[in-house]
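It should be emphasised that the depicted structure is a prediction, and the values quoted were computed from it without experimental measurement.
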Amino acid sequence: MTTVPTGRSRPAITLVVVLLAFVTVPMSISGAAVALPDIGEDLHTAGAPLQWVMNAYNLTFASFMLVTGSMADLVGRRKAFAAGASVFAVGSIAAAAAPGIVLLDVARALSGIGAAGVFASGGAILATTFDGAARTRAFAALGSAAGLGLAAGPTLSGWLVGGLGWRATFGLHAVLVAVALAGVGFVAESRAQQRPRLDVTGAVVFVAGLGLLVLGAVQGPEWGWASPGVLALLVVGVGLLVFFVVLQARSAAPVLDLTLVKNRQFLALCMVPVVSTFGFVTLLTYLPTYLVGASGFSAQRAGTVLLLMTAPVLLAPPLAGGLVNRGVTARTMITISLVLFAGGNAWLTVIDSSSGVAAIAGPLLMTGLGAGLSFGVGDGAAMSLVEPEQAGMATGFLNTMRIGSEAIVIAVYGAVLVSLISTRVGSQELAAKVAAGDLSGSGSGVLADGFTHALHIALYGTAAVCAVGAIAISAALAPSRRGAATAPAPEDAELPTKVA
């Protein structure tokens, strides 16, 4: 089977349309976080209802990714992209107009579903529009776009919140996606030639299972990891995902073709964003809190310091893509990336409450370079291993690993920080305040020391995870050595570099 794009195709416009959407989706994550204090003040809310402005988006974003990717293969990737972008825009407009926190949370959940459609189908569109070296460049640009959205989100949101109010943040997201939608007519349609009906039972089981698992991770720090509610969510979530695998093995038209995950190279490439979550996203989430709370930086200064880590994410993907097109293997670039994560996190343990910017500039640049080298290259390499008719499914699974791991790892990382801080300050409640950046009151020096101690242990832990991940993923990406008389299977071949 082959997947042939149909309709008028303008590859340059296609790339711009997908890139603009890929800038906006992560911007809606990092930008919304900056708006939370003003949202709470304006809507007279705090605590869990306010946090669900973020959690609702992340939960549906992760849970619907695989399903929307598989649907894109069946109904058409352009159609799925347009539908996802439309749902995202409607959700953003509803968020901007929400009169209360409940409707705002619902609107954010709707935006998350749309974001899943955009991410799953957008990558599939590029995979079927471009080939060879052009595909490598396109996915490198995709990595830069996602990094730009993540990095620019807080800055743009800060300006909008200060000048026009928090509702303008969500309005901007709607406008950007609407501009992308205006160019959808220049994107060629593509779909699998054989289009069986969607496995609805499998889709429902997967969404429910992953949703409950992510929900359990999100609620763990608040309810307690040993609480009956959290344990029930985690156990039922895992049980449903196991049941999902059983269903897919028996399904004639699975939501997830298990031959994909049996391909060791594809599965290894899907683990790259998981390791990146440990090595990069955790710092992006918790380092600003440390700088503001323990080091006494202003929010603006902390955001500026973070540019040392986010700027390489914008600049390095094209460099990595160029190197791959010149013969450096994707395996080499990814291995270097993960090693840089390990080194950067271990090096960052030089930080303490009195550290200046110069002391932490090196490890932040190293970590950001690691992220930039893998963003885009890993996705492009993964899609080169997939048959065209499974492009949406493969992209959906890859991004499910990315977004699902972010929601779970960030929650667990925060809980570990609180637990480690509490061993120094003697109170779980006080430790939670410290981890959130509140070191006010007497004994702030002791609290800062406790935060520093906890951060150092967490950094060493993430460095170890990244080091092990680098070894395991590099080994899995290595071509198998077989006898000359035996032809290698596709999954055992060396990852492609430049394809003519």
Just wondering, do [Y] and [X] contact through their side chains at under 4.5 Å, heavy atoms?
X: Leu126; Y: Leu15; answer: yes
X: Leu308; Y: Val357; answer: yes
X: Leu59; Y: Asn55; answer: no
X: Val305; Y: Leu287; answer: no
X: Leu385; Y: Leu269; answer: yes
X: Leu19; Y: Val16; answer: no
X: Trp52; Y: Leu104; answer: no
X: Leu233; Y: Trp223; answer: yes

Notebook entry, point to check: Does CE belonging to Met71 count more than 12 external heavy atoms closer than 6.0 Å?
Noted result: no
Quiz prompt | Working for side-chain contact (heavy atoms from CB on, under 4.5 Å), residues Phe139 and Val324 | solution = CA-CA 12 Å; Phe139 274 95; Val324 168; over 6 Å; no
[X] versus [Y], closest heavy-atom pair with distance:
X: Leu176; Y: Met27; answer: CD1-SD, 4.1 Å
X: Val377; Y: Met333; answer: CG1-CB, 4.4 Å
X: Ala120; Y: Gly396; answer: CB-CA, 4.1 Å
X: Leu369; Y: Ala316; answer: CD1-CB, 4.0 Å
X: Ala115; Y: Val25; answer: CB-CG1, 3.7 Å
X: Ala80; Y: Ala72; answer: CB-CB, 3.6 Å

What's the spacing between [X] [atom1] and [Y] [atom2] if we round to 0.5 Å?
X: Tyr57; Y: Ile113; atom1: OH; atom2: CD1; answer: 11.5 Å
X: Leu110; Y: Thr60; atom1: CG; atom2: OG1; answer: 8.0 Å
X: Leu420; Y: Leu455; atom1: CG; atom2: CG; answer: 10.0 Å
X: Ser419; Y: Trp225; atom1: OG; atom2: CH2; answer: 11.5 Å
X: Ile410; Y: Phe278; atom1: CD1; atom2: CZ; answer: 10.5 Å
X: Leu74; Y: Lys79; atom1: CG; atom2: NZ; answer: 11.5 Å

Please check this pair: side chain of [X] against backbone of [Y], looking for a donor-acceptor N/O pair closer than 3.5 Å.
X: Ser111; Y: Ser92; value: yes
X: Ser295; Y: Val292; value: no
X: Gln219; Y: Val230; value: no

Test side chain to side chain contact (heavy atoms under 4.5 Å, CB included) applied to Phe244 and Val204, Leu66, Thr201, Asp199, the passing residue: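 With Phe244 as partner, side chain to side chain contact (heavy atoms under 4.5 Å, CB included) holds for just one option, Leu66.
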Output all residues satisfying side-chain contact (heavy atoms from CB on, under 4.5 Å) with [X], sequence neighbours left out; order by chain, then residue number.
X: Ala470; result: Leu338, Val339
X: Ala435; result: Val418, Ile421
X: Ala124; result: Arg77, Ala391, Thr395

Answer with yes or no whether the side chains of Arg108 and Ser28 bring together a donor and an acceptor at under 3.5 Å. yes
*Would you mind listing every salt bridge (Lys or Arg N to Asp or Glu O under 4.0 Å) that reaches into residues 84-101, with sequence neighbours excluded?*
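For residues 84-101, and leaving out neighbouring residues, there are no salt bridge (Lys or Arg N to Asp or Glu O under 4.0 Å) pairs at all.
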Suppose we screen for side chain to side chain donor-acceptor pair (under 3.5 Å). Which residues come up paired with [X], at least two apart in sequence or across chains?
X: Thr282; value: none
X: Thr169; value: Ser157
X: Asp42; value: Trp166
X: Tyr290; value: Thr452

Please output the side-chain donor-acceptor pairs of residues 206-213 that fall under 3.5 Å, not counting sequence neighbours, one pair per line with the distance.
none

Practice item. Start with the C-alpha gap between Leu348 and Leu283, add the side-chain angles, then the distance that decides, and say whether side-chain contact (heavy atoms from CB on, under 4.5 Å) holds. Key: CA-CA 10 Å; Leu348 192 57; Leu283 286 183; 3.7 Å; yes
| Stepwise, does the side-chain contact (heavy atoms from CB on, under 4.5 Å) test hold for Leu373 with Leu323? | CA-CA 10 Å; Leu373 291 179; Leu323 290 173; 5.6 Å; no
- Begin with the C-alpha distance, continue with both residues' side-chain angles, and end with the deciding distance and a verdict on side-chain contact (heavy atoms from CB on, under 4.5 Å) for Asn58 and Glu406. CA-CA 9 Å; Asn58 292 333; Glu406 287 181 8; over 6 Å; no
Inset, instruction - Return each pair, listed once, that meets side-chain hydrogen bond (donor to acceptor under 3.5 Å, both in side chains) where at least one residue sits in residues 370-381; pairs must be two or more places apart or across chains. - result: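 Non-adjacent pairs meeting side-chain hydrogen bond (donor to acceptor under 3.5 Å, both in side chains): Ser337-Ser374, Asp379-Arg402.
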- Going through the distances and angles, do Ser405 and Thr277 end up as a side-chain hydrogen bond (donor to acceptor under 3.5 Å, both in side chains)? CA-CA 7 Å; Ser405 67; Thr277 296; 3.2 Å; yes
Only pairs at least two apart or in different chains count here, so list each ring pair (Phe, Tyr, Trp, His ring centres under 6.0 Å) that has a residue in residues 68-99.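 Ring pair (Phe, Tyr, Trp, His ring centres under 6.0 Å) check on residues 68-99 returns no pairs.
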Residue pairs passing the ring pair (Phe, Tyr, Trp, His ring centres under 6.0 Å) test with at least one member in residues 18-37, sequence neighbours excluded, are Phe22-Phe119
